[in-house]
Amino acid sequence: MDKFVINGGNKLYGEISVSGAKNAAVSIIPAAVLADEPCVIENLPKIKDVSVILAILESMGAKVTRINGDDSKVEIDPRGITSHKVTCEKLVGDMRASYYLLGALLGKFGKAVVPLPGGCSFCERPIDLHLKAFETLGASVNILPSKIELDSEKLEGKPIYFDVVSVGATMNAMLAAVKVPGKTVIDRAAKEPHVVDLANFLNSMGANIKGAGTDVIKIRGVERLHSCTYSIIPDQIEAGTYMAAVAATGGNVLIKDVIPEHLDSITTKLRDTGTIVEEYDESVRVIRENELKSCNVKTMPHPGFPTDMQPQFVALLATANGRSRVMECVWESRFSYIPQLRKMGADIVDNGNVAHIYGKNRLKGTKVRALDLRAGAAMVIAGLAADGLTEISDIKYIERGYEKIIEKLTSIGADIRRVTYKENVEDDDI
Ligand code: EPZ
């Protein structure tokens, strides 16, 4: 079992590069199953979720060639996938996004059997909208205790309306519909950058998808999808996490390989705290010299402020001057990590989906847990800004979404390291 140990208080200076987007990669890799030829995917982040989804495809019969010798650039040849059944329960149970195999296999074979997905569980994460979209296209859905079965005699393009904006359901509907005869119209579609990236990837393979990035996505089914080479967009949330880290510690860092427009809502809120954000073509410079000011944040689907930046911002605002209010409007509850921040001296009162943060200048290092990926990122930010040593356990959650986080933060002056400890060591504080 490993931990991150952070000796807080260092300001951050220098340059850092952002990796490919996790939430795009975990949908684009399953999408490659739909092609009749091999596809090359570049700029994949080297993180656990990517290696797991690649391993799932390999277990299904796909040939994955690691062009650079690692997961950053792969050729996926799906021609060896001859069954609609995914049997590797353990791997599928390791990640949430394995649900994209439902849409991809339904689109390829007209049926699918996939074990129930696992992954970060900061609250109940239903997939009823995904299943409703499959049913609308003509599939029958059978939910068993350990797996989901989809079947169909004939799928047909149809209008799909979502009463809740859902990233996963939008992407799964696209995957299922892309080869289905006729016209599918997804109304109240999610507009996140990774939704657009998946549509761009599918279009590079010959799909006919229009409107991704707007509320209405129109898909004309095509008979076959061909090979392509595609580069994943930069990770909006990884970039935002490092932006928040610099704001929390103070300093001056150029964050490279980003799409600044994807960061607009984060940039706006950082500027509200008095942090300077300069935008360039493919980078942003974050400068924080003065005391942080409080601000209010409300999470919303894109182009609103991303829920996946909410915990990192709560950690940041815990060090700001004055009272901030953060409202979580995407997930029913995503504040379970707040007691961990309180252990570090943060003064936060949460009630339902609202957190009131009474900012303090300094947090104090202590032992905390990474309860999930973004909650873990929040602990890293708090630890970097705190006085003294912060020990973060359960770092597996952090490492499933952030490539080389230790190396990247160390390169800009953070004192953070990974230490191995024996599991039987008494750890009564955690
Ligand atoms: C994606 O999850 C991301 N995961 C999440 O990021 C992110 O928090 C979320 O989108 C919102 O941006 C991946 O892309 C792999 P949703 P997803 O369907 O697609 C409700 C991270 O840290 N809903 O957009 O599962 C749901 O309860 C992860 O990187 C239904 O009611 O989220 C929520 O309130 C965590 N029924 C809202 O929609 C459904 O069938 C948005 O969820 C599906 C969702």
Side-chain angles (χ1 to χ4, degrees), residues 2-22 45-49 72 234-258 263 266 270 273 275 277 283-289 292 308-309 311-319 337 340-341 344 362-420:
D2 287 2
K3 286 185 186 183
F4 287 168
V5 177
I6 303 172
N7 192 7
N10 288 5
K11 293 189 175 187
L12 303 176
Y13 291 96
E15 294 184 358
I16 197 168
S17 282
V18 168
S19 304
K22 169 181 88 81
K46 286 183 268 172
I47 53 173
K48 175 90 186 301
D49 274 8
S72 62
D235 197 303
Q236 174 202 31
I237 305 301
E238 189 198 6
T241 301
Y242 292 129
M243 291 167 81
V246 180
T249 59
N252 180 332
V253 175
L254 185 70
I255 300 172
K256 300 191 298 184
D257 301 326
V258 302
L263 304 171
I266 301 166
L270 281 178
T273 68
T275 303
V277 182
S283 58
V284 289
R285 180 176 290 284
V286 180
I287 306 166
R288 209 269 284 171
E289 288 161 346
L292 282 171
D308 292 344
M309 281 300 299
Q312 301 90 311
F313 250 67
V314 170
L316 168 70
L317 293 173
T319 66
Y337 64 88
Q340 303 294 314
L341 286 179
M344 300 180 72
R362 304 300 304 176
L363 298 176
K364 282 200 168 47
T366 186
K367 292 178 178 177
V368 289
R369 285 176 60 195
L371 293 182
D372 62 61
L373 169 58
R374 308 303 173 189
M379 295 308 131
V380 171
I381 290 173
L384 292 172
D387 290 327
L389 280 187
T390 298
E391 287 184 27
I392 307 174
S393 58
D394 287 335
I395 57 168
K396 60 181 185 293
Y397 292 113
I398 304 175
E399 293 187 326
R400 69 188 299 161
Y402 289 92
E403 175 178 338
K404 294 195 172 156
I405 186 167
I406 296 277
E407 289 88 335
K408 289 189 186 187
L409 284 171
T410 306
S411 76
I412 52 174
D415 184 347
I416 177 169
R417 59 190 199 281
R418 196 190 161 116
V419 295
T420 303

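Counting heavy atoms from C-beta on, the side chains of Leu317 and Thr273 come closer than 4.5 Å. Using a 4.5 Å heavy-atom cutoff, the side chains of Asn10 and Leu384 are not in contact. Residues Lys48 and Lys396 have side chains not in contact (no heavy-atom distance under 4.5 Å, counting atoms from C-beta outward). Between Ile392 and Ile398 there is a side-chain heavy-atom pair separated by less than 4.5 Å. For the pair Val18 and Ile255, the minimum side-chain heavy-atom distance is below 4.5 Å.
Heavy-atom minimum distance, Ala378 versus Pro311: CB-O, 3.3 Å. For the pair Val380 and Ile6, the tightest heavy-atom approach, listed with the atom from each and the gap, is O-CD1, 3.7 Å. Scanning all heavy atoms of the two residues, the minimum distance from Ala248 to Ala385 falls at O-CB, 3.7 Å. Between Gly365 and Ala386, the shortest heavy-atom contact is N-CB, 3.8 Å. For Val253 against Leu12, the heavy-atom pair with the smallest separation is CG2-O, 3.4 Å. Across Gly401 and Ile47, no two heavy atoms sit closer than the pair C-CG2, 3.8 Å.
Here Arg418 pairs with Asp2, Glu399 under the salt bridge (Lys or Arg N to Asp or Glu O under 4.0 Å) rule; sequence neighbours left out. Lys408 meets the salt bridge (Lys or Arg N to Asp or Glu O under 4.0 Å) test with Glu238; sequence neighbours excluded.
The structure places CG of Leu254 at 15.0 Å from OH of Tyr13, a figure rounded to the nearest 0.5 Å. Atoms CG and OG, from Leu371 and Ser393 in turn, are 8.5 Å apart once rounded to the nearest 0.5 Å. Taking OG1 of Thr410 as the reference point, atom CD1 of Ile405 lies at 10.0 Å (rounded to 0.5 Å). Considering OG1 of Thr420 and NZ of Lys3, their distance stands at 11.5 Å, rounded to 0.5 Å. Within the model, atoms OG1 of Thr275 and CZ of Arg288 stand 6.5 Å from one another, a figure rounded to the nearest 0.5 Å. Separation of atoms CZ (Phe4) and CD1 (Ile416) is listed at 5.5 Å; rounding is to 0.5 Å.
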* To do: Might you work through the side chain to side chain contact (heavy atoms under 4.5 Å, CB included) test for Val368 and Thr366, ending with a clear yes or no?
  => CA-CA 6 Å; Val368 289; Thr366 186; 4.1 Å; yes
* Are Leu270 and Phe313 close enough, and set up right, to give a side chain to side chain contact (heavy atoms under 4.5 Å, CB included), and what steps lead you there? -> CA-CA 9 Å; Leu270 281 178; Phe313 250 67; 3.6 Å; yes
* Using the side chain to side chain contact (heavy atoms under 4.5 Å, CB included) rule, take Ile237 and Tyr402 through it: C-alpha gap first, then chi angles, then the decisive distance, then the call. => CA-CA 9 Å; Ile237 305 301; Tyr402 289 92; 4.1 Å; yes
* Can you list the steps and then say if Met379 with Leu341 is a side chain to side chain contact (heavy atoms under 4.5 Å, CB included)? -> CA-CA 7 Å; Met379 295 308 131; Leu341 286 179; 4.0 Å; yes
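The main-chain N or O of Asp415 is never found under 3.5 Å from a side-chain atom of Asn7 such that the two would form a donor-acceptor pair. Proximity of a side-chain donor or acceptor of Arg362 to a complementary backbone N or O of Thr319 within less than 3.5 Å is not detected. Listed for the Glu403 side chain is a donor-acceptor partner under 3.5 Å among the backbone atoms of Lys46. In this structure a side-chain-to-backbone donor-acceptor pair under 3.5 Å is present from Asp235 to Lys22.
Applying side chain to side chain contact (heavy atoms under 4.5 Å, CB included) to Met309 and the options Leu316, Ile266, Val314 leaves one that passes, Ile266.
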